[in-house]
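Residue numbers begin at 1 in each chain, while the letters A, B, ... track the order of the sequences. The figures here come from the full heavy-atom set of this structure, side chains too, leaving out hydrogens, waters and symmetry mates.
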Amino acid sequence: MAEVQEIPATPTMVMCGDAFAFPQCTELTVGPGLRYIKNTVNCTKPGVLRATNKSVWIDRNSKRYVPVVEERVIGIVAGRIGEDCRVDVGAAHYAMLNGVAFEGATQRNKPDLKIGSLVFAKVIAANKDVEPELSCVNKNGKSNGLQVLEGGHLISCSLGLCRKLRQPTTPLTAPLIAHFKLFELVVGMNGRVWIHSDSVKHTLCISMYLGRCEYLPEEELMPLLKDIVKRVESSA
Amino acid sequence: AVVSTQSTGAVVEATVRSATGHGTPLDKMYEEAVRRVCEEVILTTDHPRTSFQVIVQIEDNAGSVLSVIMNALCLALMDAAVPMKGMFGAVACVQTEDGTLQWDPTTDEEAGGQCSYLFVYSGQDMIYSHCTGQFSVDQYMLVLQKGRQVAVDLWAFFREAFEKLLKKDVKFQMLLNPKSKLR
């Protein structure tokens with residue numbers, strides 16, 4: 001595309017290489033999928049170009065996670081190096097999690113992180129040249145839900161599904177809430193969802209549902225869940 | 001496999017396998033072509049100390065294999081959300097003895113041609129070429145110019161294909177629908 005247009009006000013589909021004008025006086029933050037070069041912003045991924053009055057970015061579903069600071073992810077402990085743990089977050093490199101970065105933990109009293117344990121942590125450093133770092137506490141020492149996840153079942157899904165699930169008003173979880181009395185979902189931004197419920201059958205139903213609900217319109221979600229529950233109950 | 005030699009960014013490894021038989025030197029040539037195009041187009045500096053592994057499996061060869069590989073490669077990279085400088089597209093052409101140009105030649109047309117051209121375009125540039133046979137500079141420039149138009153049509157097709165893929169998702173259907181409230 002040779003012409004350089006203004007950033008469109010409504011969401012538009014763009015391809016790699018499409019360029020939009022981005023004068024230096026603009027106060028928009030350039031988000032994922034875009035590159036700033038000489039007063040223009042170039043698309044590096046195909047997707048939908050979206051803009052608010054604060055930022056502009058490319059909305060796109062993908063499966064490969066790239067760590068970003070402040071994102072909450074579910075990691076699998078892969079090893080220990082002294083006090084730190086190497087955690088697999090699904091990115092190109094392992095992330096480092098300090099063994100004491102948990103609420104109320106001290107050198108003598110810290111969680112026992114075995115290889116294979118699941119941790120819900122926040123990315124605190126994510127430079128492309130260095131391994132990313134995780135933590136389960138914020139600056140005030142509070143965990144706010146970040147912790148080691150005991151039991152349960154971990155599934156992989158696309159990054160887009162995780163973003164949808166993390167929205168407070170998502171229709172995707174409404175059928176689950178209506179149908180199951182006791183369950184817990186922890187959604188990591190790295191394409192992983194941890195499911196914990198009161199029975200194995202329920203966990204199975206929820207994981208099958210999450211695997212298939214992503215592209216369905218709202219009215220088909222409850223029938224999907226009912227179909228899955230019927231099949232799981234009848235196959236026992 | 002063929003591995004790149006740059007050190008400031010991701011490494012691109014390319015593997016090309018034919019439908020049948022062992023690897024031939026032709027597969028090695030395709031691997032080198034794929035690697036060079038990927039290195040040119042992928043933003044490798046965004047992902048240092050990593051590698052992009054590109055694996056091409058040729059299932060069926062009906063002619064113009066390298067151009068098919070390149071176009072499929074572009075679609076695959078787009079589908080995988082790999083950060084790229086721009087789209088790229090390959091155009092293959094065979095010139096017969098009387099000077100007529102046959103675009104996207106079949107295996108028979110390739111065998112019967114006097115010379116063949118393959119150009120990979122990205123944006124305004126031509127980033128990779130592979131030409132065989134005897135031709136003049138004028139003929140070369142003519143094919144290069146006409147090929148760019150074919151590439152532009154190819155990119156319009158990629159756009160349509162990608163839009164279909166995006167619209168499988170309800171969220172993007174609503175975002176791109178001019179009447180929806182999300183906009």
Side-chain angles (χ1 to χ4, degrees), chain A residues 1-2 8-19 32-35 37 42-52 58-67 91-94 127-131 158-161 163-165 167 170-172 191 213-221, chain B residues 8-11 41-53 74-89 121-125 148 152 154-183:
Chain A
M1 288 261 180
T10 49
T12 338
M13 198 187 85
V14 290
M15 303 302 275
C16 310
D18 289 357
L34 293 169
R35 248 189 340 160
I37 303 173
N42 272 41
C43 303
T44 62
K45 297 185 187 184
V48 175
L49 183 71
R50 295 178 69 176
T52 60
I58 303 257
D59 202 344
R60 172 69 208 276
N61 193 1
S62 53
K63 288 186 180 170
R64 228 20 174 123
Y65 178 63
V66 175
H93 304 286
Y94 285 111
N127 191 325
K128 65 179 182 179
D129 294 305
V130 186
E131 279 179 344
S158 68
L159 304 183
L161 180 62
R163 288 195 286 263
K164 283 184 195 175
L165 286 171
Q167 281 171 359
T170 172
L172 293 171
C213 68
E214 192 178 353
Y215 296 140
L216 292 181
E218 204 175 319
E219 54 273 4
E220 289 180 38
L221 293 174
Chain B
T8 54
V11 158
V41 161
I42 296 177
L43 290 171
T44 51
T45 48
D46 279 356
H47 299 280
R49 304 175 306 127
T50 61
S51 90
F52 284 93
Q53 284 190 329
C74 183
L75 289 169
L77 291 176
M78 277 168 39
D79 185 54
V82 168
M84 295 201 281
K85 287 180 198 162
M87 288 195 292
F88 59 97
Y121 300 91
S122 176
Q124 295 298 315
D125 308 316
R148 183 170 282 119
V152 168
L154 202 63
W155 290 328
F157 169 70
F158 285 1
R159 212 180 180 101
E160 260 179 51
F162 188 71
E163 189 161 354
K164 258 194 214 166
L165 179 73
L166 264 193
K167 286 195 167 164
K168 276 189 194 170
D169 191 338
V170 184
K171 169 183 162 189
F172 291 117
Q173 268 175 34
M174 294 205 321
L175 275 181
L176 293 174
N177 183 357
K179 296 178 198 166
S180 113
K181 291 176 202 168
L182 257 192
R183 296 159 69 98

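Across A:R35, A:K63, A:E218, the residue that shares the most heavy-atom pairs under 4.5 angstrom with chain B is A:R35. When the candidates B:V82, B:D79, B:L77 are compared by the number of heavy-atom contacts under 4.5 Å with chain A, B:D79 comes out ahead. Note: A:D59 leads A:N42, A:V14, A:N61, A:D59 in heavy-atom pairs under 4.5 Å with chain B. Chain A forms the most heavy-atom pairs under 4.5 Å with one residue out of B:D46, B:L165, B:V152, B:I42, and that residue is B:D46.
In this structure a side-chain-to-backbone donor-acceptor pair under 3.5 Å is present from A:K164 to A:E214. Side-chain atoms of B:D169 never come within 3.5 Å of backbone atoms of B:L166 as a donor-acceptor pair (strictly under, hydrogens ignored).
Minimum interatomic distance between A:T44 and A:C16 (heavy atoms only, all atoms of both residues): O-SG, 3.8 Å. Among all heavy-atom pairs drawn from B:W155 and B:G89, the shortest one is NE1-N, 3.5 Å. Contact record, A:G47 with B:F162: N-CE2, 3.6 Å, taken as the closest heavy-atom pair.
Interface remark: B:V41 contributes no atoms to any contact with chain A (heavy atom separation under 4.5 Å). In this structure, chain B has no heavy atom under 4.5 Å from any part of A:R64. Heavy atoms closer than 4.5 Å to chain B are found in the backbone of A:L216, but not in its side chain.
Using a cutoff of 4.0 Å between basic side-chain nitrogens and carboxylate oxygens, B:D125 and B:K85 are not scored as salt-bridged.
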